[in-house]
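Accompanying notes for the structure given below.
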Amino acid sequence: MDYMCFRALCCKGPPPPRPEYDIICIGLTGSGKTSLLTQLCNESHENIVPTTGFSIKAIPFQSAIMNVKELGGATNIRKYWSRYYQGSQGVIFVLDSASSEDDLETARNELHSALQHPQLCTLPFLILANHQDKPAARSVQEIKKYFELEPLARGKRWILQPTSLDNMEAVKDSFSMLINVLDEREPEPIQM
């Protein structure tokens with residue numbers, strides 16, 4: 001009996017592996033995708049340049065690891081986004097809440113396109129209204145209304161959160177919300 005008790009207390013073995021989720025991160029150039037992901041990885045954020053093509057970062061959280069594929073947001077790259085959607089389990093869409101009306105309209109169109117894309121339409125979306133620290137930043141309520149999220153995303157799982165580099169705890173909380181939604185997903189039926 002003493003052996004069993006000792007074994008139960010001292011020999012638990014390694015902790016169970018954390019789930020890994022493959023996430024696609026999209027948004028226009030200048031929305032802050034690279035800066036947010038770099039900060040989350042505790043990497044140097046000096047000399048950050050816009051992503052051309054794509055980059056992948058494994059971001060460890062206490063409850064999961066998020067393998068985030070960030071796609072560049074330049075006009076000439078956005079037309080290729082859909083080629084990288086396959087295998088994604090969730091979507092992060094970053095928008096500059098302090099951008100010009102024209103850029104906000106472009107972001108709105110890109111988000112609408114992503115929400116309706118066959119490979120993404122069933123996935124959970126984390127929408128980050130970034131640059132909330134700027135004076136021209138629109139509130140989350142303004143973004144929700146302008147982007148028509150209530151009617152467009154009805155029946156879909158989405159989270160809209162305000163973010164800025166000044167408040168990385170809020171960014172981490174936003175990612176944790178997405179992890180919680182991903183954890184709730186029922187496994188896909190296996191086709192044989």
Side-chain angles (χ1 to χ4, degrees), residues 22-41 43 45-57 59 66-86 88-121 123-153 156-168 170-171 174-175 177-178:
D22 294 328
I23 307 297
I24 196 87
C25 181
I26 54 178
L28 304 186
T29 295
S31 62
K33 299 178 300 296
T34 305
S35 297
L36 289 172
L37 296 175
T38 299
Q39 286 277 72
L40 281 172
C41 291
E43 296 173 356
H45 56 276
E46 293 182 26
N47 302 322
I48 290 179
V49 294
T51 301
T52 55
F54 72 93
S55 71
I56 299 175
K57 292 190 182 299
I59 306 173
M66 297 184 79
N67 297 312
V68 180
K69 188 185 316 175
E70 177 201 353
L71 304 183
T75 306
N76 62 336
I77 296 172
R78 290 195 306 261
K79 61 186 173 189
Y80 299 109
W81 279 359
S82 62
R83 295 181 184 201
Y84 295 92
Y85 291 166
Q86 188 172 356
S88 298
Q89 295 169 285
V91 180
I92 298 169
F93 188 92
V94 182
L95 63 97
D96 178 357
S97 58
S99 68
S100 70
E101 290 294 325
D102 286 347
D103 283 349
L104 202 63
E105 179 66 21
T106 302
R108 179 178 173 261
N109 292 337
E110 292 294 348
L111 177 59
H112 284 207
S113 178
L115 281 164
Q116 296 170 345
H117 192 278
Q119 289 179 308
L120 303 181
C121 65
L123 302 180
F125 273 70
L126 172 59
I127 303 162
L128 299 176
N130 199 21
H131 299 148
Q132 287 292 309
D133 53 327
K134 293 184 178 178
R138 293 158 186 89
S139 71
V140 169
Q141 286 305 108
E142 290 172 299
I143 297 287
K144 186 192 292 186
K145 184 177 180 181
Y146 182 79
F147 277 67
E148 299 173 324
L149 288 174
E150 292 290 344
L152 179 71
K156 301 179 189 306
R157 292 166 302 158
W158 57 275
I159 303 161
L160 173 61
Q161 289 291 108
T163 57
S164 73
L165 288 175
D166 292 348
N167 188 354
M168 286 309 291
V171 175
S174 299
F175 275 69
M177 288 179 199
L178 179 59

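Residue numbers count from 1 along this sequence. Note that the structure is a prediction, hence the values are computed from the model and not measured.
- Rounding to the nearest 0.5 Å gives a distance of 4.5 Å between CG of L95 and CZ of F147.
- Ion pairing between E101 and R108 fails under the 4.0 Å rule for side-chain N and carboxylate O.
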- What do the steps show when you test S55 against T34 for side chain to side chain contact (heavy atoms under 4.5 Å, CB included), and what is the final call? CA-CA 9 Å; S55 71; T34 305; 5.8 Å; no

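- For M177, the side-chain contact (heavy atoms from CB on, under 4.5 Å) partners are I159, Q161, not counting sequence neighbours.
- Checking side-chain atoms of N130 against main-chain N and O of V94 turns up no donor-acceptor pair under 3.5 Å.
- Under the side-chain hydrogen bond (donor to acceptor under 3.5 Å, both in side chains) test applied with S97, the options H131, R138, Q132 reduce to a single match, Q132.
- Interatomic distance, CG of L128 versus OG of S164, reported as 11.0 Å (0.5 Å rounding).
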- Run the side chain to side chain contact (heavy atoms under 4.5 Å, CB included) check on Y80 and L71 step by step: do they pass? CA-CA 9 Å; Y80 299 109; L71 304 183; over 6 Å; no

- Task: Using the side chain to side chain contact (heavy atoms under 4.5 Å, CB included) rule, take L36 and Q39 through it: C-alpha gap first, then chi angles, then the decisive distance, then the call.
- Result: CA-CA 5 Å; L36 289 172; Q39 286 277 72; 5.9 Å; no

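- For S139, the side chain to side chain donor-acceptor pair (under 3.5 Å) partners at least two apart in sequence or on another chain are E142.
- Proximity of a side-chain donor or acceptor of S35 to a complementary backbone N or O of G32 within less than 3.5 Å is not detected.
- Residue L160 holds its CG atom at 7.5 Å from CD1 of I143, rounded to the nearest 0.5 Å.
- Nearest heavy-atom pair, L28 versus A107, reported as atom, atom and distance to 0.1 Å: CD1-N, 3.7 Å.
- No donor-acceptor pair closer than 3.5 Å links the side chain of K57 to the backbone N or O of C41.
- Across all their heavy atoms, D96 and G30 have their closest contact at OD2-O, 4.0 Å.
- Pairing each heavy atom of Y146 with each of E105, the nearest pair is OH-OE1, 2.6 Å.
- Between I92 atom CD1 and I26 atom CD1 the span is 10.0 Å, to the nearest 0.5 Å.
- Checked against side chain to side chain donor-acceptor pair (under 3.5 Å), T29 has no partners two or more places apart in sequence or in another chain.
- The one candidate from M66, K69, E70 that meets the side-chain contact (heavy atoms from CB on, under 4.5 Å) condition with I23 is M66.
- When all heavy atoms are compared, the tightest approach of I24 to S88 is CB-OG, 3.6 Å.
- To the nearest 0.5 Å, atoms CG (N167) and CG (D133) are separated by 9.5 Å.
- Residues satisfying the ring-ring contact (aromatic ring centres under 6.0 Å, His included) criterion with F93, sequence neighbours excluded, are absent altogether.
- Nearest heavy-atom pair across L37 and I59 is CD2-CD1, 3.6 Å.
- Residues passing the ring-ring contact (aromatic ring centres under 6.0 Å, His included) test with F54, sequence neighbours excluded: Y84.
- Annotation: side chain to side chain donor-acceptor pair (under 3.5 Å) contacts involving residues 110-121, sequence neighbours excluded, comprise R78-E110.
- Between I77 and T52, the closest heavy-atom pair is CD1-CA, 3.7 Å.
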